[in-house]
Amino acid sequence: MVALPNIAIVFMTYKRTEYALRTIRAACKYLRYQQELVWYVADDGSPNESHLRSILDELSTTRCNLAGFHSRKLSYGGSANKAWTYLSAHGSTPLTFWLEDDWELNQELDLTPYAQVLIDHDEIGMIRMGYLSQYLSGVTLGYNGHLFWRLDREPTDGASPVFTGHPSLRHDRYRRAYGQYPEGLNPGDTELGYAHAFRVAQFGPHILWPAMAGQWGWFDHIGEEKSYS
């Protein structure tokens, strides 16, 4: 097996300070990894300057390592693309863990075996970890001694996206295969647009769901507030 690189946590956020701090505290408490975890904070230009400051202070207090940050109004997709561009330019790691500011980790989660699958298997690009949407289908496969569901590109109802903005671990090959996020849209439409790129592709890296996660994964989707109006 190839040695594991660091993982960059891309923290997508916009103005929901209370939820953001809860999400950070839980991730710093429960996430485990064989190598280093570093954070990139992608703030889409929150109107209150204290939002970003509170996040950076929290990361400092919990001794989480900061790789970089931005706070500019770019749209959800533009903010995600800027994070990717920064991390790629600085050559930090091919592995990113994507975490929006309202997904609270509720138990210990070791990313090591999932990172190893992404490093060892070129046909895999992403491992979802939020919760499993309805109407998805797939095949059960084993990777590195662990059982996964490899999700089909087309959900049975034609609506539930296979790709989502839920917490997920990704290899850079996913971005190289399916391109960047669409920009200038609200988060929901951005997600659907990027899911379309995966759905219509005949080839390209697959998305896995860990069988041991059950239907609900390891995260609670906290609150009902929308980050964008």
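These figures come from a predicted structure and were not determined experimentally.
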- Query: How about Y14 and E100: does a side-chain donor come under 3.5 Å of a side-chain acceptor?
  - Reply: no
- Mind checking whether F97 and I119 sit in one hydrophobic cluster, side chains of I, L, V, M, F, W, Y counted as touching below 4.5 Å? yes
- Task: Give me the ring orientation class for F219 and W103: parallel if the planes are under 30° apart, tilted from 30 to 60°, perpendicular past 60°.
- Result: perpendicular
- Go through Y19 and T17 one step at a time and tell me if the side chain to side chain contact (heavy atoms under 4.5 Å, CB included) criterion holds. CA-CA 6 Å; Y19 293 163; T17 307; over 6 Å; no
- Please tell me if the side chains of F11 and D101 come closer than 4.5 Å, counting only heavy atoms from C-beta onward. yes
- Message: Looking at I24, is its backbone amide N or carbonyl O close enough to the side chain of W39 to form a donor-acceptor pair, meaning the two atoms are under 3.5 Å apart?
- Response: no
- With hydrophobic residues grouped by side-chain heavy-atom distances under 4.5 Å, do L37 and L56 end up in a single group? yes
- Message: R176 vs D172, test: salt bridge (Lys or Arg N to Asp or Glu O under 4.0 Å). Steps then yes/no.
- Response: CA-CA 6 Å; R176 295 197 305 269; D172 194 55; 3.2 Å; yes
- Message: Would you compute the distance between atom CD1 of I9 and atom CG of L99 and round it to the nearest 0.5 angstrom?
- Response: 7.0 Å
- Item | P167 vs W98 side-chain heavy atoms within contact, under 4.5 Å | no
- Given Q107 and Y30, is the side chain to side chain contact (heavy atoms under 4.5 Å, CB included) satisfied, shown in steps? CA-CA 6 Å; Q107 59 189 286; Y30 288 125; 5.5 Å; no
- Give a yes or no on whether W216 and W218 share a hydrophobic cluster (residues Ile, Leu, Val, Met, Phe, Trp, Tyr; joining criterion: side-chain heavy atoms under 4.5 Å apart). yes
- Task: May I ask you to test the Y174-F198 pair for a side-chain heavy-atom distance under 4.5 Å?
- Result: yes
- Distance-only side-chain donor-acceptor flag, D43 / S71, under 3.5 Å: yes
- Rounded to the nearest 0.5 Å, what separation is found between the CD atom of E108 and the CZ atom of R32? 4.0 Å
- Item | Verdict with reasoning, R22 to D102, per side chain to side chain contact (heavy atoms under 4.5 Å, CB included) | CA-CA 8 Å; R22 282 179 57 181; D102 58 348; over 6 Å; no
- Task: Measure the shortest side-chain to side-chain distance between T13 and D44 over non-hydrogen atoms and say whether it is less than 4.5 angstrom.
- Result: no
- Item | Atom CD of E49: over 12 foreign heavy atoms under 6.0 Å | no
- Nearest heavy-atom contact between A20 and H51 is CB-CE1, 4.1 Å
- So does F69 have more than 12 non-hydrogen atoms from other groups sitting under 6.0 Å from CZ? no
- Item | Aromatic Y40 / basic K82 pairing, under 6.0 angstrom, 45° off normal | no
- Query: Looking only at heavy atoms, what is the nearest atom pair of R173 and I124, with distance?
  - Reply: NH1-O, 2.6 Å
- Looking just at side-chain N and O atoms, do N48 and S50 make a donor-acceptor pair shorter than 3.5 Å? yes
- L118 and G125 have their tightest heavy-atom pair at CD2-C, 3.7 Å
- Task: Could you list the residues that satisfy side chain to side chain donor-acceptor pair (under 3.5 Å) with Q34, not counting sequence neighbours?
- Result: none
- Item | Spacing of R199 atom CZ and D152 atom CG [to the nearest 0.5 Å] | 13.0 Å
- Message: As an exercise, state the distance from CZ of R25 to CD of E58, rounded to the nearest 0.5 Å.
- Response: 4.0 Å
- Item | Side chain N81, main chain G77, donor-acceptor under 3.5 Å | yes
- Item | Distance in Å, R150 CZ paired with H206 NE2, rounded so as to fall on 0.5 Å steps | 4.0 Å
- Query: Hey, what's the ring geometry for Y194 with W84, parallel, tilted or perpendicular (30° and 60° as the breaks)?
  - Reply: perpendicular
- Message: A side-chain contact here means heavy atoms from C-beta on lying under 4.5 Å apart; do L151 and R128 qualify?
- Response: yes
- Task: Tell me yes or no: between the side chains of H121 and N144, is some donor less than 3.5 Å from an acceptor?
- Result: yes
- Which atom names give the shortest non-hydrogen contact between L21 and S54, and what distance separates them? CD2-O, 3.7 Å
- Does V139 share a hydrophobic cluster with F148, counting links as ILVMFWY side-chain heavy atoms below 4.5 Å and allowing steps through other members? yes
- More than 12 foreign heavy atoms under 6.0 Å from CZ of R72: is that the case here? no
- Task: Please name the pair of heavy atoms, one in L111 and one in L169, separated by the smallest distance, quoted to 0.1 Å.
- Result: O-CD2, 4.3 Å
- Message: Please check if the number of heavy atoms outside R63 that lie under 6.0 Å from its CZ is greater than 12.
- Response: no
- Query: So do T140 and L147 actually touch side chain to side chain, heavy atoms under 4.5 Å?
  - Reply: yes
- Heavy-atom side-chain proximity of L31 to D110 below 4.5 angstrom: no
- Passes side chain to side chain contact (heavy atoms under 4.5 Å, CB included), Y33 versus T112? Steps please. CA-CA 5 Å; Y33 187 51; T112 302; 3.6 Å; yes
- Message: Ring centres under 6.0 Å, that's the criterion: do H70 and Y86 meet it?
- Response: no
- Check P155 against S160 and note the closest heavy-atom contact, atom names and distance. CG-O, 2.9 Å
- Query: Between Y178 and P205, is there a donor-acceptor pair closer than 3.5 Å when you use the side chain of the first and the backbone of the second?
  - Reply: yes
- Query: Would L105 and M212 show up in the same hydrophobic cluster when neighbours are defined by side-chain heavy atoms closer than 4.5 Å?
  - Reply: yes
- Task: Could you tell me the separation between the OG1 atom of T85 and the NE2 atom of H90, rounded to the nearest 0.5 Å?
- Result: 11.5 Å
- Query: Would you say the side chain of M12 lies within less than 4.5 Å of the side chain of S79, judging by non-hydrogen atoms?
  - Reply: yes
